[in-house]
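To start, the structure itself, in structure tokens.
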Amino acid sequence: MAERVSLPLPSQSQLSPTTTMALLGAASSSARIIPSVSLSSSSRSFFSLSSSSSKLQCLRSSPRISHLFLNQRRAEVRVSSGGYGTVSAPKSVASDPDQLKSAREDIKELLNSKFCHPILIRLGWHDAGTYNKNIEEWPQRGGANGSLRFEIELKHGANAGLVNALKLLQPIKDKYSGVTYADLFQLAGATAVEEAGGPKIPMKYGRVDVSGPEQCPEEGRLPDAGPPSPADHLRQVFYHMGLNDKEIVALSGAHTLGRSRPDRSGWGKPETKYTKDGPGAPGGQSWTVQWLKFDNSYFKDIKEKKDEDLLVLPTDAALFEDPSFKVYAEKYAEDQEAFFKDYAEAHAKLSNLGAKFDPPEVCSF
């Protein structure tokens, strides 16, 4: 059984710009989701959130927004009594800018208490990393569209363990229903990099969510850790996203954070002297000694290969074995500033892959 509630939209002259955006953000659409996720939001936006300052930039006048009020259509909300909600509504703002700003502060608190920087970065990457530049249609092209919240995609082999990241973010999503999953995933990843001491990521927001699991990409678009030809495999996967060799190497540097757990990926040791006591849940094998600090240690440690307690995957080793990759890997091992600059640009590019920003005139900085 489902309960229907009609929400009339008042005329534009009755509302302030802030109230206008709040009402539009509330008319979101959602889809069936896995038990750990209670509600999805799929609507529209036209703003950016500055990572170098706390200021939000908005285009508060838009022909599309005015058109919504001129029509004065009624938004119909359907709430399922079966425990998971579905919502159908007219097109509206994707993410509320004030809620995004508040969500970022909550993410910072989460990072400080749970030490979950690596898994939040991985969540954002894996949502965006399904993009295929050879497919024009949205959402068939994949990318940063919030599809990773659905069970069918979470069960892909490359996404093992990411349900834990979703569970960490779900209370924030419930609190800020005016933020889309697509934006929340990318906001969490960028914030995690910055809070770990990494560079400021030039992010923008306003991504539209897919509405159901039938819109999830097929399995096989994400990279493997140990393919037969690691360098060729990395190029095959990342070239499909429209990324080049420099961006592949720069993004690989994010392995300066985190651990590999054999029960999830099949790689790494159950624990090492660097991970046996946490912080966070103990165990796994890290790529670096200080695996919650974002710096260029990843490249230094792979180049030296002196510590058996540090992980080096075949795709990691390929960065110093492939002639083209090696140019950038050597550079980043010597120059952290250069690494930070290239990483920030590559991360921002990845976070936008396949995303649908609507209206398309999204503010950037």
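Atom set for the values below is all heavy atoms of this structure, side chains included, hydrogens, waters and symmetry mates excluded.
Side-chain heavy atoms closer than 4.5 Å link hydrophobic residues (I, L, V, M, F, W, Y) into clusters, and following such links, even through other members, never connects L292 to L123. Criterion: ILVMFWY side-chain heavy atoms under 4.5 Å apart, direct or through other members. Under it, Y332 and F320 are part of a common hydrophobic cluster.
Counting non-hydrogen atoms of other residues, nucleotides and ligands closer than 6.0 Å to NZ of K114 gives a total of 12 or fewer. Within a 6.0 Å sphere centred on NZ of K108, heavy atoms belonging to other residues, nucleotides or ligands number more than 12.
Taking 4.5 Å as the limit, every side-chain heavy atom of T256 sits out of range of all side-chain heavy atoms of W291. Contact check for L311 versus S286: no side-chain heavy atoms found under the 4.5 Å cut-off.
Formation of a donor-acceptor pair under 3.5 Å by the R235 side chain with backbone atoms of D232 is not found in this model.
For the side chain to side chain donor-acceptor pair (under 3.5 Å) with N159, the lone residue among R264, E153, H126 that qualifies is H126. When each of Q170, Q186, K173 is tested with Y181 by the rule side chain to side chain donor-acceptor pair (under 3.5 Å), just one qualifies, namely Q170.
A salt bridge is defined here as a Lys NZ or Arg NE, NH1 or NH2 lying under 4.0 Å from an Asp or Glu carboxylate O, and D309 with K269 meets this definition. Using a cut-off of 4.0 Å between Lys/Arg side-chain N and Asp/Glu carboxylate O, K303 and E334 are scored as salt-bridged. Using a 4.0 Å cut-off between charged nitrogen and carboxylate oxygen, E321 and K326 do not count as a salt-bridge pair.
Pairs passing the ring-ring contact (aromatic ring centres under 6.0 Å, His included) check and including a residue from residues 218-264, sequence neighbours excluded, read H255-W287, H255-Y298.
Under the rule for a side chain to side chain contact (heavy atoms under 4.5 Å, CB included), the partners of A196 that lie at least two apart in sequence or sit in another chain are H117, L257, F294. Applying the side chain to side chain contact (heavy atoms under 4.5 Å, CB included) rule to K306 yields the partners E304; only residues at least two apart in sequence or on another chain are considered.
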